[in-house]
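Contents: one structure, followed by commentary.
Naming convention: chains lettered A, B, ... in sequence-line order (proteins, then strands); numbering from 1 in each chain. Because the structure is a prediction, the values reported are computed rather than measured.
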2 protein chains.
Amino acid sequence: MSLADKPKTDAPARGRPRSEAVERAIIEGVMKLLEDGVPLAELSIERIARTAGVGKAAIYRRWRGKEELFVDVVRAAEPPDEELPGTSMRDDLVALLETLRQRGLVSRSSVILHSVHAQMKSSPRIWEAYNKLVVAPRRRLGIEVLRRGQRNGELRADVDVELLNDLFVGPMLVRAVMRPDADLPDGLSERIVDTLLEGLRPAGSPPVSSPAE
Amino acid sequence: MSLADKPKTDAPARGRPRSEAVERAIIEGVMKLLEDGVPLAELSIERIARTAGVGKAAIYRRWRGKEELFVDVVRAAEPPDEELPGTSMRDDLVALLETLRQRGLVSRSSVILHSVHAQMKSSPRIWEAYNKLVVAPRRRLGIEVLRRGQRNGELRADVDVELLNDLFVGPMLVRAVMRPDADLPDGLSERIVDTLLEGLRPAGSPPVSSPAE
DNA sequence: CCATTACGATACGGACCGGTACCGTAATGT
DNA sequence: ACATTACGGTACCGGTCCGTATCGTAATGG
């Protein structure tokens, strides 16, 4: 909506064109408020307009309401996807977890992460948008990496790929999103991936059922 | 605050005593609103009073504001801790994950889980209370189980216990809290624990001595 | 019986909000 | 030049909210 719709519908562009700077100012204003720790519930159109130095009409001219605006904020704040090294499944997984870790460390991404998740229940539209734009592609990417690993023999093939993905992503996500006090030290991604691959049994411990089959 | 404070300070109990039923009605009212999907941001004292069939004064008489009230709601909604089987570390871990899974399935617990997490950023007091009352004890319990497992040789001892705990808890928590669409099938707890213990490498794969040293 | 406190209800002032409607001005195309 | 549209600013209406106060009534203890 909004950003892409205007030129598409019809554009003889008669009168004064919409200032792209105003567009940015509004979205930046929302970001700034969120980064300053303003609870998302207190984000009113009036306050956003005030912060952005913009008339309320300028907002209503572009978005139907707070939700639509917020969807665009999420879209604008998403950093571009990084490339995977592709050297091995293990390295790809580490790279994927690393972007999650970074996201938890960067204020801008972190605040979006939290806001979206806070809205999740009350406003499915926002969650849906975020899911479609951010979560789903990355999840699909992760699952593809895992599938390739299974084919290459780097990963056991007798476990559901969806579950495997959660096993890798879950620990990082819990720290980055759900525990504000948790730390995200350097090398955490590697430790998670390698520990999971090695397994949690002691070194010499037999695999319970049949040690050497 | 509130529930425990009144009789402690001084209690000649002169006039009409506070109705315990009113107390319950208020907390139940908040729970009902949340369960009905009312966004936590829209919970106003007025609306709570209306729902509970209670005067606003009755609320202000007991709590200083919405936060204090909400802390008590969280406290009241917490189901009692279940016992651990204690037969083995593996079984204890499964039991711990199982309570998490149940929490994601029961509307009442689930809604509290989400609400608290939504509030987390904007209202550290609520998060702190929930953390202290619910998260921390369970986390401590899990870590103790893991430590015991390390001593018994059921779990490798060369990995940080905190990280190990996240490895077990993370996947379940991600599904129960962060992905409203995810399913929490029966046996999920067992699958997580067993898969993690076995490790994610294919059956015959060598342990690679030191993966990245 | 009386002081005291709690109760539901209602009212109040001050604040903010949403959404719309205007200003006077600015920036376009024709 | 002219019509057209966007701009920031301001005002407006109807609504909800907070927090306090004040009703008349109810439930205690002394």
Find which nucleotide of DNA chain D each of A:G15 and B:A57 is nearest to by heavy atoms, and output the residue with the more 5' nucleotide.
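Mapping each residue to its closest nucleotide by heavy atoms, the 5'-most match is A:G15.
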
Indicate, yes or no, whether a donor-acceptor pair under 3.5 Å links the base of D:dG8 to the side chain of A:K56.
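Answer no: no donor N or O sits under 3.5 Å from an acceptor.
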
Write down the distance between [atom1] ([X]) and [atom2] ([N]), rounded to a whole number of angstrom.
{"X": "B:E68", "N": "D:dG19", "atom1": "CD", "atom2": "P", "value": "12 Å"}
{"X": "A:I59", "N": "C:dG18", "atom1": "CD1", "atom2": "P", "value": "9 Å"}
{"X": "B:E20", "N": "C:dA6", "atom1": "CD", "atom2": "P", "value": "15 Å"}

Which residues, if any, of residues 35-54 of chain B bring a heavy atom under 4.0 Å of DNA chain C?
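The answer is B:G53, B:V54.
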
Whether A:H117 and A:W127 hold their rings parallel, tilted or perpendicular, with breakpoints at 30° and 60°:
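Correct class here is perpendicular.
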
Give the table of side-chain donor-acceptor pairs shorter than 3.5 Å for residues 51-61 of chain A, with sequence neighbours excluded, one pair per line with atom names and distance.
{"unit_1": "A:T51", "atom_1": "OG1", "unit_2": "A:R47", "atom_2": "O", "d": "2.9"}
{"unit_1": "A:K56", "atom_1": "NZ", "unit_2": "A:E46", "atom_2": "OE2", "d": "3.1"}

Nearest to the side chain of [X], which nucleotide is it out of [options]?
{"X": "B:R14", "options": "D:dC7, C:dG8, C:dT5", "value": "C:dT5"}
{"X": "A:R62", "options": "D:dC7, C:dA6, D:dG19", "value": "D:dC7"}
{"X": "A:V22", "options": "C:dA6, D:dG8, D:dC18", "value": "D:dG8"}
{"X": "B:P17", "options": "C:dG18, C:dC7, D:dT28", "value": "D:dT28"}

Is it the case that the side chain of A:Q150 and the backbone of A:L155 share a donor-acceptor pair, with hydrogens and angles ignored and the cut-off at 3.5 Å?
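Checking the backbone N and O of A:L155 against the side chain of A:Q150, no donor-acceptor pair under 3.5 Å is found.
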
Quick one: side-chain contact (heavy atoms from CB on, under 4.5 Å) partners of A:L84, sequence neighbours excluded?
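Counting only residues at least two positions away or on another chain, A:L84 forms a side-chain contact (heavy atoms from CB on, under 4.5 Å) with A:D92, A:A95, A:L96, A:L141, A:V145.
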
Which residue lies more 5' along DNA chain C, comparing A:G65 with A:R61 via nearest heavy atoms:
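First, find each residue's nearest nucleotide; the 5'-ward one identifies A:G65.
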
Does C:dC7 have its OP1 or OP2 closer than 4.0 Å to a side-chain nitrogen or oxygen of B:R16?
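False: B:R16 side-chain N/O out of range (4.0 Å or more) of C:dC7 OP1/OP2.
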
Less than 3.5 Å apart, any donor N or O on the side chain of A:E82 or A:T99 sitting next to an acceptor on the other?
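Note: A:E82 and A:T99 side chains miss the donor-acceptor criterion.
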
Distance-only side-chain donor-acceptor flag, B:E198 / B:T195, under 3.5 Å
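No donor-acceptor contact under 3.5 Å links the two side chains.
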
As a quick check of understanding, evaluate side-chain hydrogen bond (donor to acceptor under 3.5 Å, both in side chains) for A:S123 and A:E67, giving each step before the final call.
CA-CA 8 Å; A:S123 166; A:E67 284 206 357; 2.7 Å; yes

